[in-house]
Novice: 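Can you keep this structure in mind? I'll have questions shortly.
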Amino acid sequence: MKQQWHDLALKHLRTLARDEYGVEPDAVDGSELVVSTPPEEKLGDLALPVFPYAKVFRTAPPKIAAQLCERVNPEADKLGLGAAETAGGYLNVRLQRDRLIEPILSAVLEQQSEYGRVHTLDGVRTVVEFSCPNTNKPLHLGHLRNDALGESVSRILKFAGAEVRKVNLINDRGVHICKSMLAYRKLGNGATPESEGVKSDHFVGEYYVRYSRWAAEDPDAEQQAKEMLQRWEQGDPKTVELWLQMNRWAIEGIEETYRRTGVSFDAVYFESETYKAGREEVLKGLERGVFYQAEDGAVWVDLSDIELDQKVLLRSDGTSLYLTQDIGTAIQRHDDWPFERMIYVVASEQNYHFKVLFNVLERLGFEWARNLYHLSYGMVNLPEGKMKSREGTVVDADLLLDKLNEMAVNEIRTKARESEITDLSGTAEKIALGALHYFLLQTSPNKDMIFDPGASLSFNGNTGPYLQYTCARISSIMRKAEAGGATGADSGAYRLPEDAALQLTHPEEWQLVKQLAGFPEAVMQAAEGLNPTIITTYVYDIAKTFSGYYHEVPVLRAGSPAQVQARLALAAAVRQVIANALCLIDVPFLERM
RNA sequence: GCGCCCGUAGCUCAGCUGGAUAGAGCGUCGGACUUCGAAUCCGCAGGUCGCAGGUUCGAAUCCUGCCGGGCGUACCA
């Protein structure tokens with residue numbers, strides 16, 4: 001509809017240019033003509049500012065708007081596109097409601113969970129890397145932001161047509177991994193997660209903490225950790241065995257958290273398997289003169305031509321670095337599954353690292369390197385400041401979820417809803433997840449955010465549970481309607497009465513229909529900008545409109561059976577779109593809560 | 001020092017490629033439950049969009065310079 005108006009207005013703008021101003025139609029730039037929304041409902045549904053053309057026509061904008069209005073209206077009327085009027089330099093359009101309500105609602109009700117799918121990225125093979133945990137401790141709040149972003153962006157890209165492969169990279173080697181191993185060997189006495197009744201990744205994490213305490217008092221600890229890493233790299237059987245055991249514990253625990261949060265991967269890479277892979281590529285590059293070797297044997301790349309520094313790619317002893325390994329994994333991933341784009345969801349502290357990585361890959365001649373993208377996200381801080389592992393202020397993912405769950409249970413009991421739901425803990429868990437993910441995705445990715453446990457765990461206001469509640473209310477209305485048998489509905493498939501447009505004349509009903517129609521565009525924007533915030537804002541807006549609407553307009557007790565049916569169909573459509581949007585931001589949908 | 005990012009209401013955040021009077025939530029204050037679920041709704045108050053210039057019909061949005069904060073700038077990851 002926007003596009004139609006754009007084209008129509010542009011066409012007449014061009015004839016106007018020729019007829020009245022002796023300006024070549026081609027001189028009228030269509031990209032200058034934007035279709036926006038008027039600030040107030042009563043001004044119309046669409047707004048087209050004509051200011052940009054004042055200069056070409058050497059005429060005041062209100063006059064251009066008036067002339068354009070006169071020319072555009074007859075055809076708009078003929079096509080059923082509504083009518084335009086002017087307000088200063090704006091051409092405001094009032095759409096023809098009775099011709100739009102029915103097609104928009106039936107599109108939602110027919111396409112159901114597919115409504116909102118767009119094709120802007122059809123077939124684009126895209127790898128999304130996210131999460132990337134260490135195997136020495138459980139996930140924390142920072143990972144939750146990363147996971148929420150990675151999962152949500154992946155779903156959004158898929159919904160925009162892309163072929164998405166979600167990948168994880170487990171950081172399972174290095175001296176930090178050896179630290180928890182060392183502490184376990186010293187202090188573990190053969191304990192296991194089972195024997196202690198502790199979630200297995202937390203069990204491993206405890207030994208990392210114990211190591212830190214020990215190392216604070218014993219300067220020899222660091223040395224011992226390094227020695228253990230050497231033994232690991234040499235393949236010492238006892239070390240490898242311990243490593244395997246502790247990694248299994250860590251990974252099993254972490255996977256449990258993934259299942260809990262609805263996060264999953266199509267492929268998992270292990271640093272222990274890929275850390276050597278970059279070496280060969282670097283050596284090849286050295287041969288071709290892309291890199292150079294220092295006297296001590298270290299291999300360097302000189303990035304001063306693009307105003308970056310010189311970076312080491314291989315240590316003087318020939319071992320790999322983080323950067324080296326990332327070169328290897330990128331190439332390996334492209335071999336495994338030739339992608340067009342790869343998106344790394346990694347915190348902003350690594351901005352520099354990715355600039356270097358992408359540039360080095362380009363220097364090595366991989367043409368796909370130009371389509372690598374670092375989706376950088378800001379730090380998650382606490383009201384008291386940064387999370388510090390040394391000060392024990394790191395917010396543990398599982399504990400946070402437990403706490404949210406507990407609060408949700410209390411809320412359900414306070415509201416006396418316990419008897420209404422069949423699965424208390426399951427429902428509470430979905431509410432907890434909804435609260436968490438919505439909160440994390442509400443802030444634009446590139447910004448740092450403050451996680452205030454008190455405020456963010458609230459279930460009131462602009463929150464995930466508010467959206468779930470809106471859906472639960474609609475579901476409740478629909479259940480009642482079905483029980484009453486007056487709906488013409490069977491199992492949630494709502495038929496739209498033929499005269500729906502005549503029934504839905506309330507201003508908020510038109511507002512809702514317009515919002516429903518706006519969902520595909522929100523998806524497009526979110527996909528283009530790799531930004532779930534577009535979806536969170538969109539879905540809150542429509543939920544808020546609906547909440548206000550059902551407070552003042554009765555659905556089941558509407559004036560006539562036809563109106564009841566029309567309003568039910570509208571409610572069903574709203575619920576459908578909210579559900580579709582919630583799915584994109586990993587907020588569970590609830591029928592009851 | 002240099003590089004990148006951020007600075008919008010008391011607090012936490014939206015604000016599409018520049019477009020009409022800058023929006024939410026929380027918090028404060030005041031209203032609405034014999035009526036489709038009050039995890040809701042309605043209303044009041046709250047802003048020199050960090051500061052100063054510039055670009056133009058028009059700037060929270062683009063450019064430059066300051067100020068404040070964050071993160072980098074490892075043969076760590």
Side-chain angles (χ1 to χ4, degrees), chain A residues 31 34 36-40 43 47 49 51-52 54-55 60-61 87-90 92 132 134 171 174-176 271 294 296-300 307-309 311-317 319-323 325-326 347-353 355 376 378-379 381 383 386 408 411-412 414-415 417 420 431 439 442-444 446-452 454-456 458-463 465-466 468-470 472-481 521-522 524-525 528-529 531 533-534 536-537 540-541 544 547-558 564 567-568 571 592-593:
Chain A
S31 68
V34 296
S36 57
T37 314
E40 274 182 274
L43 288 171
F51 301 95
K55 197 181 274 176
Y90 292 90
N92 289 333
C132 304
N134 292 327
N171 296 306
V175 73
H176 53 297
E271 191 186 314
D296 62 2
V299 177
W300 292 74
E307 281 162 17
L308 298 177
D309 300 322
K311 300 293 293 183
V312 174
L313 296 175
L314 283 177
R315 292 195 185 93
S316 48
D317 64 4
T319 56
S320 306
L321 287 92
Y322 178 49
L323 184 59
Q325 157 212 310
D326 261 1
S348 60
E349 40 186 10
Q350 295 194 34
N351 285 358
Y352 185 73
H353 168 77
K355 265 191 197 169
S376 166
M379 311 270 90
N381 298 315
K386 291 195 57 164
E411 190 74 9
I412 291 167
T414 308
K415 305 283 181 220
R417 298 288 308 161
E420 302 287 331
I431 293 169
F439 186 85
Q442 222 181 355
T443 302
S444 304
N446 68 324
K447 291 193 185 177
D448 289 351
M449 65 183 287
I450 293 177
F451 188 86
D452 178 349
S456 59
S458 160
F459 297 149
N460 301 323
N462 188 353
T463 63
Y466 171 82
Q468 292 170 318
Y469 177 74
T470 308
R473 288 291 301 272
I474 298 176
S475 301
S476 170
I477 293 172
M478 286 165 60
R479 278 193 301 272
K480 285 213 162 70
E521 198 180 322
M524 254 156 58
Q525 281 179 18
E528 193 192 334
N531 187 4
T533 306
I534 308 280
T536 58
T537 341
Y540 177 71
D541 277 347
K544 189 174 161 54
S547 299
Y549 167 71
Y550 76 61
H551 260 269
E552 64 175 289
V553 180
V555 174
L556 297 176
R557 289 175 296 105
V564 170
R567 287 183 178 167
L568 271 172
R592 304 165 196 261
M593 62 189 280

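The shown structure was predicted, so the numbers you read here are calculated from the model rather than taken from an experiment. Residue numbering restarts at 1 for every chain, and letters A, B, ... go by the order of the sequence lines.
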Novice: Considering non-hydrogen atoms only, spot the tightest contact between A/S376 and A/A347 and give its length.
Specialist: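 So the minimum-distance heavy-atom pair works out to OG-C, 4.4 Å.
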
Novice: Could you measure the distance from the CE atom of A/M379 to the NZ atom of A/K386? Nearest 0.5 Å is fine.
Specialist: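 Between A/M379 CE and A/K386 NZ, I get 7.0 Å after rounding to 0.5 Å.
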
Novice: Looking at A/S476 and A/A472, would you say the former's side chain and the latter's main chain have a donor-acceptor pair under 3.5 Å?
Specialist: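 Such a contact is absent between A/S476 side chain and A/A472 backbone.
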
Novice: Could you work out the separation of B/rC42 and B/rC49 based on their C1' atoms and round it to a whole Å?
Specialist: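 Approximately 28 Å lies between the C1' atom of B/rC42 and that of B/rC49.
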
Novice: Output the distance between atom CD1 (A/I412) and atom CZ (A/F459), rounded to the nearest 0.5 Å.
Specialist: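 CZ of A/F459 is found 8.5 Å from CD1 of A/I412.
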
Novice: With 3.5 Å as the limit, what N/O pairs link the protein to nucleotides 10-14 of chain B?
Specialist:
from: B/rC13; atom 1: OP1; to: A/I450; atom 2: N; distance (Å): 2.8
from: B/rA14; atom 1: OP1; to: A/S444; atom 2: N; distance (Å): 2.3
from: B/rA14; atom 1: OP1; to: A/S444; atom 2: OG; distance (Å): 2.9
from: B/rA14; atom 1: OP2; to: A/K447; atom 2: NZ; distance (Å): 3.0

Novice: For B/rC6, take OP1 and OP2 only and decide whether either is under 4.0 Å from a side-chain N or O of A/N446.
Specialist: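 Yes, because at least one side-chain N or O of A/N446 sits under 4.0 Å from OP1 or OP2 of B/rC6.
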
Novice: Measure from the ring center of A/Y466 to the ring center of A/Y540 and say whether it is less than 6.0 Å.
Specialist: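 So the answer is yes for these two rings.
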
Novice: If we take the P atom in both B/rU55 and B/rU8, what is their distance in whole Å?
Specialist: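 Between the two P atoms, the distance is 27 Å.
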
Novice: Only counting residues at least two apart or in another chain, list the ones meeting side-chain contact (heavy atoms from CB on, under 4.5 Å) with A/E528.
Specialist: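 Residues passing side-chain contact (heavy atoms from CB on, under 4.5 Å) with A/E528: none at all.
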
Novice: Starting at CZ of A/F451, measure out to OG1 of A/T443 and round the result to the nearest 0.5 Å.
Specialist: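 One gets 11.0 Å once the value is rounded to the nearest 0.5 Å.
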
Novice: State which of B/rC71, B/rC36, B/rA77 makes the closest approach to the side chain of A/V555.
Specialist: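 When the side chain of A/V555 is considered, B/rC36 is the closest of B/rC71, B/rC36, B/rA77.
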
Novice: Students often get this wrong, so: under 4.0 angstrom with heavy atoms, is A/A294 touching a base, only sugar-phosphate, or nothing?
Specialist: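 It contacts nothing in the nucleic acid.
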
Novice: Using heavy atoms to find the nearest nucleotide of RNA chain B for A/H353 and A/K415 separately, return the residue whose nucleotide is more 5′.
Specialist: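 First, find each residue's nearest nucleotide; the 5'-ward one identifies A/K415.
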
Novice: Looking at A/Y466, I'd like to know whether one of its side-chain N or O atoms comes within less than 4.0 Å of OP1 or OP2 on B/rC41.
Specialist: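 A/Y466 to B/rC41 OP1/OP2: side-chain N or O found under 4.0 Å.
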
Novice: Report the distance from atom OH of A/Y550 to atom CD1 of A/I474, rounding to the nearest 0.5 Å.
Specialist: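 Answer rounded to 0.5 Å: 8.0 Å.
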
Novice: How many whole angstroms separate atom CE of A/M524 from atom P of B/rU17?
Specialist: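 In whole Å, B/rU17 P and A/M524 CE are 13 Å from each other.
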
Novice: So A/P61, base contact, sugar-phosphate only, or nothing? Heavy-atom distance under 4.0 Å.
Specialist: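 Contact class for A/P61: none.
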
Novice: Among B/rA74, B/rC41, B/rC36, which nucleotide has an atom closest to any side-chain atom of A/K311?
Specialist: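 The listed nucleotide nearest to A/K311's side chain is B/rA74.
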
Novice: Who passes side chain to side chain donor-acceptor pair (under 3.5 Å) against A/H353, sequence neighbours left out?
Specialist: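 A/D326.
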
Novice: Considering only side-chain heavy atoms of A/A472, which listed nucleotide, B/rU40, B/rG19, B/rG37, is closest?
Specialist: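 Nearest nucleotide to the side chain: B/rG37.
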
Novice: Under 4.5 Å between any side-chain heavy atoms of A/N462 and A/Q442, yes or no?
Specialist: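 A side-chain contact under 4.5 Å exists here.
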
Novice: Applying a 4.0 Å non-hydrogen cut-off, can you work out what A/I431 is touching in the nucleic acid: base, sugar-phosphate, or nothing?
Specialist: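 Base contact.
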
Novice: What's the shortest heavy-atom distance between A/N171 and A/C132, and which atoms?
Specialist: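 So the minimum-distance heavy-atom pair works out to ND2-O, 3.3 Å.
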
Novice: Around atom CZ of A/R315, are there more than 12 heavy atoms from other residues, nucleotides or ligands closer than 6.0 Å?
Specialist: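 Yes, CZ of A/R315 has more than 12 neighbouring heavy atoms, counting only those of other groups under 6.0 Å.
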
Novice: Taking only the C1' atom of each, what is the distance from B/rU40 to B/rA59 in whole angstrom?
Specialist: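 Those two atoms are separated by 38 Å.
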
Novice: Using atom C1' of each nucleotide, how far apart are B/rA9 and B/rG23 to the nearest Å?
Specialist: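 My reading of the C1' atoms in B/rA9 and B/rG23 gives 10 Å.
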
Novice: Give a yes/no on whether any side-chain N or O of A/R479 is located under 4.0 angstrom from OP1 or OP2 of B/rG37.
Specialist: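 Negative; the distance criterion is not met.
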
Novice: Given the C1' atoms of B/rC63 and B/rU56, what is the spacing between them in whole Å?
Specialist: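 Approximately 13 Å lies between the C1' atom of B/rC63 and that of B/rU56.
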
Novice: Quick one: the dot-bracket string of RNA chain B, using Watson-Crick and G-U wobble pairs with both distances under 3.5 Å, [ ] for crossing pairs and | for bases paired to another strand.
Specialist: (((((((..((((.....[...))))..((((.......))))......(((((..]....))))))))))))....

Novice: One character per nucleotide, please: for nucleotides 44-51 of chain B, 5' to 3', B when the base has a protein heavy atom closer than 4.0 Å, S when only the sugar-phosphate does, - otherwise.
Specialist: --------

Novice: How many whole angstroms separate atom CD of A/Q468 from atom P of B/rA39?
Specialist: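 Interatomic distance, CD of A/Q468 to P of B/rA39: 14 Å.
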
Novice: Starting at CD1 of A/I412 and ending at P of B/rG37, how long is that distance when rounded to a whole Å?
Specialist: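 Distance check: A/I412 CD1 to B/rG37 P gives 17 Å.
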
Novice: Looking only at atom C1', what distance separates B/rU28 and B/rG10, rounded to whole Å?
Specialist: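 The same atom, C1', in both gives a distance of 10 Å.
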
Novice: Going 5' to 3' along nucleotides 20-30 of chain B, which nucleotides have protein heavy atoms under 4.0 Å from the base (write B), which only from the sugar-phosphate (write S), and which from neither (write -)?
Specialist: BB--SSS----

Novice: How many whole angstroms separate atom NZ of A/K355 from atom P of B/rU73?
Specialist: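 Interatomic distance, NZ of A/K355 to P of B/rU73: 13 Å.
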
Novice: What is the distance from CD of A/E271 to P of B/rA77, rounded to the nearest Å?
Specialist: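 Going from CD in A/E271 over to P in B/rA77 covers 7 Å.
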
Novice: Looking only at heavy atoms, what is the nearest atom pair of A/L308 and A/Y352, with distance?
Specialist: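 Between these two residues, the closest heavy atoms are CD2-CE1, 3.6 Å.
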
Novice: With side chains defined as the heavy atoms from C-beta onward, is the minimum distance between A/N446 and A/S348 less than 4.5 Å?
Specialist: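 A/N446 vs A/S348: side chains apart.
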
Novice: Between A/H176 and A/S348, which is nearer to the 5' end of RNA chain B once each is assigned its nearest nucleotide?
Specialist: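 The residue closer to the strand's 5' end, by nearest nucleotide, is A/S348.
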
Novice: Could you check which of B/rC41, B/rA39, B/rA77 has an atom nearest any side-chain atom of A/H551?
Specialist: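 For the A/H551 side chain, the nearest candidate turns out to be B/rC41.
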
Novice: Return the CG to OG1 distance between A/L43 and A/T37, rounded to the nearest 0.5 Å.
Specialist: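 If I round to the nearest 0.5 Å, the distance is 11.5 Å.
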
Novice: Calculate, to the nearest 0.5 Å, the distance between atoms CD and CG belonging to A/E40 and A/N92 respectively.
Specialist: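 That separation rounds to 11.0 Å.
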
Novice: With the side chain of A/Y550 defined as its heavy atoms from C-beta on, choose the nearest nucleotide among B/rU40, B/rU73, B/rA39.
Specialist: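 My answer, after comparing the listed nucleotides, is B/rU40.
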
Novice: Side chain of A/K55: nearest nucleotide among B/rC71, B/rA77, B/rC57?
Specialist: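 Side chain of A/K55 sits closest to B/rC57.
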
Novice: As a test of the definition: with a 90° window around 0 for syn, would you call B/rC33 syn or anti?
Specialist: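 Syn, angle within 90° of zero.
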
Novice: Please report, rounded to the nearest Å, how far the C1' atom of B/rU17 is from the CD atom of A/E521.
Specialist: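 These atoms are roughly 12 Å apart.
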
Novice: Say we look at B/rG31 and B/rC51: how far apart would their P atoms be, to the nearest angstrom?
Specialist: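 It works out to 38 Å between them.
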
Novice: Counting any heavy atom closer than 4.0 Å, what does A/V299 reach on the DNA or RNA strands: base, sugar-phosphate only, or nothing?
Specialist: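 No contact at all - A/V299 keeps every heavy atom at 4.0 Å or more from the nucleic acid.
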
Novice: Please report the distance, rounded to the nearest Å, between CZ in A/R315 and C1' in B/rA74.
Specialist: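 Result: 10 Å.
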
Novice: For A/R417 and A/M593, work out which heavy atoms get closest and say how close.
Specialist: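 So the two residues come closest at NE-O, 2.9 Å.
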
Novice: Have a look at A/Y352 and say if it touches a base, only the backbone sugar-phosphate, or nothing, with a 4.0 Å heavy-atom cut-off.
Specialist: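 The answer is sugar-phosphate, as A/Y352 gets under 4.0 Å only of primed atoms, P, OP1 or OP2.
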
Novice: Starting at atom CD of A/Q350, determine the distance to atom C1' of B/rC71, rounded to an integer number of angstrom.
Specialist: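 A/Q350 atom CD is separated from B/rC71 atom C1' by 11 Å.
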
Novice: Taking only the P atom of each, what is the distance from B/rA22 to B/rG54 in whole angstrom?
Specialist: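 About 23 Å, rounded to a whole number of Å.
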
Novice: Which part of the nucleic acid does A/E349 contact within heavy-atom distance under 4.0 Å: base, sugar-phosphate only, or nothing?
Specialist: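 Result for A/E349 = sugar-phosphate.
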
